[in-house]
Amino acid sequence: MLWAAVTGRSVAGQVFVLQVVIVLLLVVSAVVAQVLQVRHDSDTEARNRSLAVAQTFANAPGTAAALRSPDPTAILQPKAEAARKATGVDFIVVMSTQGIRYTHPHPDRIGKKFVGTIGPAVAGGTVVEKVNGTLGPLVQSVVPVKDANGTVVGLVSAGITTAHVGGTADQQLPLLLAAAAAALALATAGTALVSRRLLRQTHGLGPYEMTRMYEHHDAVLHAVREGVLIVGRDGRLLLANDEAQRLLDLPRNAERRHVLELGLDDDTARLLASGRVATDEVHLVKDRLLAINQRPTELRGGPAGSVTTLRDSTELRAVSGRAEVARERLNMLYDAGVGIGTSLDVTRTAEELAELAVPRFADFTTVDLFEPVLHGEEPRPGSDLRRVACVGIRKDSPLYPVDHRIRFVATSPQAHSLTTGQSVVEPRLRDAPGWRAQEPERTDKVVEYGIHSLITVPLRAGSLVLGVANFWRAEKPQPFDTEELALAEELVARAAVSIDNARRYTREHSMAVTLQRSLLPRTLPEQGALEIAYRYLPAQSGVGGDWFDVLPLSGARVALVVGDVVGHGLHAAATMGRLRTAVHNFSALDLPPDELLGLLDELVGRIDQDESPDEGAAVTGATCLYAVYDPVSRRCTMARAGHPPPALVHPDGRVEFPEMPAGPPLGLGGLPFETVDLELAEGSRLVLYTDGLVEDRERDIDVGLELLGDALRRTPDSSPETTCRTVLEGMPGRPSDDVALIVARTRVLGTDQVAEWEVPSDPAAVSEVRAAVTRALDAWGLEELAFTTELILSELVTNAIRYGRPPIGVRLLRDRTLICEVSDRSTTSPHLRYAASTDEGGRGLFLVAQVADRWGTRYTPNGKIIWAEQPLP
C-alpha cells in the first residue's frame, strides 16, 4: 500500500510526489534566503558598528583637542587601539583633513595616506563604503571631527571585515536540513495515511462523493453575501444564488430563461447577455448601485458561457461621497497654507483669500478691513472699513465694490462679528432682518440677484480684529451649514495671520521709508552751473542706503555726489544720513575730490572702530562718487571710492563711460584716491547713479552698463528730466536694489560774465584795480554794487600784496551772485579777528565779512583764492 502511494500510481501517490517537490523547493528557498539574509545582516551590522565606533571616537572628549596638539599620534594611538580592541572592529584610524593617518593598528602605516573616500566627511558629512582591503572585504565609515565652532579639524575612520560579523548561516543550516527531513517523513506518513483511508472508505471517487462535493459547493454558493450568476452560451440563466436573486429581484422561475426576459433594465440585461469581460461596472438597478464583474467560463477549458458577480455599493458610494467632500476641504486648507500670504501686501493677501474661496467654497467672497490696517496701524474700533477684495463667479453683483468705505449697522452680521469676535451664519438672507437693515435698497438687489446665504467670519490676529470676511452663495442651492462654518473659520484664521504680518511689515516699511526720505534732499539748491534732474527708487524689499546730493561751492562751482551703503533697513538709512552730513561738512572746506574722499574714508573707519561688534553697525561697504564742475573753465574733477563710473553724453549724442580709477570702498583705508579731470562741452550731460540701476541678481554689471548706454543714446538732445524718465523706462523690470540717478546738463559762464586782471605787487595798483572793477560793473549794469565791491577788493588785494606772493590775480564772476576772487601763490590763510579800539589795523576782513553774504578761502595747487559773494540787486 505504501509502495503504491510512493510510486505515484494513485492520486495519493501523485499528491505525495507533489508534496516532496514542494518540501524540497521550500528547503532550497529557505537555505538561499537564509544565506542572503545573513549576508545582508552582516553588511548592515558592519556598517552600523563601524559608523557607531567612528562617531563615538570622533565625538569623544579630547579628540578635537588632540588633533590640534603638536603630536596627535602620541595622544590618539593608545586610545584608538584600546577602543578597537574594546569594540571588536578591525581598525580605528584618525587622520588629518588631507587624509594623513595619525593612528593605525600597524604603526608602520602611520603618516601615510588613507585609502578611501574622505571628501564628504571633510565637508561635514559622513561616508560609509565597502572596500576590499588587505584584511579582505570590509566596511569602513569616515566621520568628521568638529571643534566647538563646528569647523572640521580631522577625520576618524573605523572598519570591520564582514567575515567577523557573519557565521550564523553555518549554525542554522543543519536545523533547516533536519526540518526538511522531518517534513519529508511527515509527508510520507501523511500520504500513506490518506491513501489508506481513501482506499478503505471510497476505493476511488464514486457518485456519492461527487454528490457530496456538489452539495458543499452549492451551500457555499448560496451562503456568500455576493450575487453569483452563471449564464450559458445562448444567454439563458443557468444559476443564480440567493444574493443575486435579492439584488436583481428575479422571478422564481428565472433559471433556464433568457436574461433579456427577466425584467432587468436594458443596460444590465445587455451586459449579462453579451458575456463580455466587465470589471467593477456600476449599474443602477432600481434603487441600488451594483458593481458588476463578469468573466467568460471557457477561458480555461470550461463550458461556454459567463460567470457574473454582483456587489451592492450603495452605502459605499454614500461613504465615498462624504470622503470626497472631506478630501476637498483638506485640499482647500492645504492650498490656503501655500497660497495665502505669498506677499507682504495687505490688499494682495486679502485678494488671495477671496480667490481661493471662489468657486470652490462660495460663489462670492468679500473682505473688509479697518482703514488703519491698510496703513500698517492697529485697527481702531468704530472707524470705517474699506472693501479691499471682492471676487465672484460673475462681475455684475450688487455687493459693495472694492475701495468702498463701509460702516455696518449694529444689527448686521458683520457688526456682530466685529464686536464679539464670533462668526455668524445666515442660511437664508431673505429672512434675515438684521442684515437687510444695512442698506435696504442694496440688500433687496442682492436678494433679487440670487444671493441667498452668508457666512461672516472676523479676521482675528491675537486680540486684534482686523476686519471681516464674507462668503456668499448664489448658484449653489444649498445654504451654508455648521460644518462649512468651521471650514470658513479655518481659512480666515490662516489668512488673518498673513494679513497681520503684512500689516506689521507695512508699518515698519513706512517708518524706514519716512526716515530715509527725510535724510535725502527734498529740493535742489539754486545754482547756475548745471541743469539737474534726479530720481530715487526705493528697493522692493525695503529701504536702502543710496543717496545723492547737489552742493554749490565757491566760484560758481557745483559738487555732485552719489553714494551707496550696502544693505537695507533702518541701519542702512541712518548710516546714509551720517555719510551725507559728513560730505556736506567736508565740501564746505572746498577740498579737492580725492582729499574729501580721504577724509570720508577716515571717518567711516573711525565709525567702524567705535561701533560694538555685537551691534552689527559697521558701515564697511559704502561707496561714493564725488564730482566738482567749474562753469568758467568747463572742467569737471571727479574721484570715486568703489562706485560705478559716471556716464557722459556729449552734445552730439555720443555716450562714453570715462576711464577713472575705482579706488577702494570707504572704510578700508590704506590706499589713496585719484582724481580725473574732464573738459566738458556746453550742453554735455553727466549721469551719476548707484549700482542698483545697472546691476541685478539676474544680470551682470557689464550688461547693465550696456543697457544704460543704449537708453542714453535714445536721448541725444533731451533735457535731464526726459533723460531720467527714458533711462528708468529702459531698465528691464523693477530693480531689486535702491536706485539713485542724477542727470546734470552743463552750462558755461561766458566771457561777458567773467572779468580778470593781474595785479602788480605794488600798493599803488589797488586804485587801478578799483577803477577797472567799477568799469566792469558799469558794463554789467551793477553800479549799485560798486562801493561794496571796491571795499572788498581793496582789502583783499591789499592783504595779498602785503602778505602773499605774486603773481596776484583778481576775478569777477556774474552768476546768481557777484563773486569777487583774489588769488596769490601763498598758502597762508587770513583769519578774521576783532581789533581793539587802539589798533591801527585788523579790521579789513571784518569789514569784508559784514558787507558780503559769504566769504572764504580755497586752496589750489599753486596757492590760494580768497573769495566773497554779494547778492545781485
Side-chain angles (χ1 to χ4, degrees), residues 524-535 548-562 587 590-594 596-597 624-640 643-663 673-690 693-694 705 708-724 726-727 740-754 756 811 813-816 819 821 858 860-861 865:
L524 296 181
E526 294 184 358
Q527 46 82 30
L530 297 169
E531 179 187 355
I532 296 177
Y534 67 91
R535 292 288 189 278
F548 63 93
D549 227 327
V550 178
L551 307 172
L553 304 178
S554 63
R557 298 171 306 135
V558 176
L560 299 176
V561 58
V562 62
S587 66
D590 258 331
L591 298 173
D594 55 339
L596 185 142
L597 291 181
C624 183
L625 189 150
Y626 188 81
V628 178
Y629 174 68
D630 187 348
V632 179
S633 63
R634 297 186 290 109
R635 299 193 69 82
C636 182
T637 304
M638 296 181 290
R640 61 181 178 134
H643 203 79
L648 178 60
V649 184
H650 295 275
D652 59 1
R654 182 166 47 89
V655 178
E656 68 170 321
F657 294 90
E659 292 288 340
M660 57 183 302
F673 298 98
E674 301 181 36
T675 60
V676 170
D677 287 333
L678 301 176
E679 186 171 340
L680 307 181
E682 184 175 6
S684 300
R685 281 170 291 163
L686 191 63
V687 181
L688 280 65
Y689 52 90
T690 55
L693 182 69
V694 295
L705 292 176
L708 175 60
D710 294 340
L712 294 174
R713 293 184 189 96
R714 293 195 295 270
T715 60
D717 228 358
S718 301
S719 65
E721 188 68 29
T722 303
T723 304
C724 283
T726 303
V727 167
L741 172 66
I742 303 179
V743 179
R745 182 157 60 185
T746 61
R747 295 170 178 165
V748 175
L749 286 182
T751 55
D752 59 338
Q753 295 176 276
V754 181
E756 294 183 276
R811 186 169 73 167
L813 303 176
R814 178 171 59 87
D815 191 27
R816 293 179 178 269
I819 304 171
E821 295 183 344
R858 73 173 183 268
T860 66
I865 296 175

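If you read the sequence from its start, that first residue is 1, and numbering goes on from there.
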Separation of [Y] [atom2] from [X] [atom1] (nearest 0.5 Å):
X	Y	atom1	atom2	value
Arg814	Leu749	CZ	CG	9.0 Å
Asp594	Thr675	CG	OG1	5.0 Å
Leu524	Ile742	CG	CD1	8.0 Å
Ile532	Gln527	CD1	CD	4.5 Å
Asp630	Glu679	CG	CD	11.0 Å
Arg635	Asp677	CZ	CG	4.5 Å

I want to check something: taking the side chain as every heavy atom from C-beta on, are [X] and [Y] in contact at a cut-off of under 4.5 Å?
X	Y	answer
Phe657	Leu708	yes
Cys624	Val561	yes
Tyr629	Leu686	no
Arg557	Asp590	yes
Val676	Pro661	yes

Side chains of Arg685 and Thr715: do they bring a donor and an acceptor to under 3.5 Å?
yes
Show which side-chain atoms of residues 645-654 pair as donor or acceptor with protein atoms under 3.5 Å away, not counting sequence neighbours.
from   : atom 1 : to     : atom 2 : distance (Å)
His650 : NE2    : Arg654 : NH1    : 3.4
His650 : NE2    : Glu656 : OE2    : 2.6
Asp652 : OD1    : Arg654 : N      : 3.1

With a 3.5 Å distance limit and no angle check, can you tell me whether [X] reaches the backbone of [Y] through a side-chain donor-acceptor pair?
X	Y	value
Thr690	Ala740	yes
Arg634	Leu680	yes
Tyr689	Val562	no
Arg811	Glu756	no
Ser684	Thr746	no
Arg816	Glu526	no

Using the test salt bridge (charged side-chain N to carboxylate O under 4.0 Å, His left out), find all partners of Arg714 that sit at least two apart in sequence or belong to another chain.
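If we apply the salt bridge (charged side-chain N to carboxylate O under 4.0 Å, His left out) test to Arg714, skipping adjacent residues, there are no hits.
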What's the shortest heavy-atom distance between [X] and [Y], and which atoms?
X	Y	value
Pro631	Ala529	CG-CB, 3.7 Å
Gln753	Val748	OE1-O, 4.1 Å
Ala744	Leu560	CB-CD1, 3.8 Å
Arg858	Ser554	NH1-OG, 3.0 Å
Pro720	Glu531	CG-O, 3.3 Å
Met660	Arg640	O-NH2, 2.9 Å

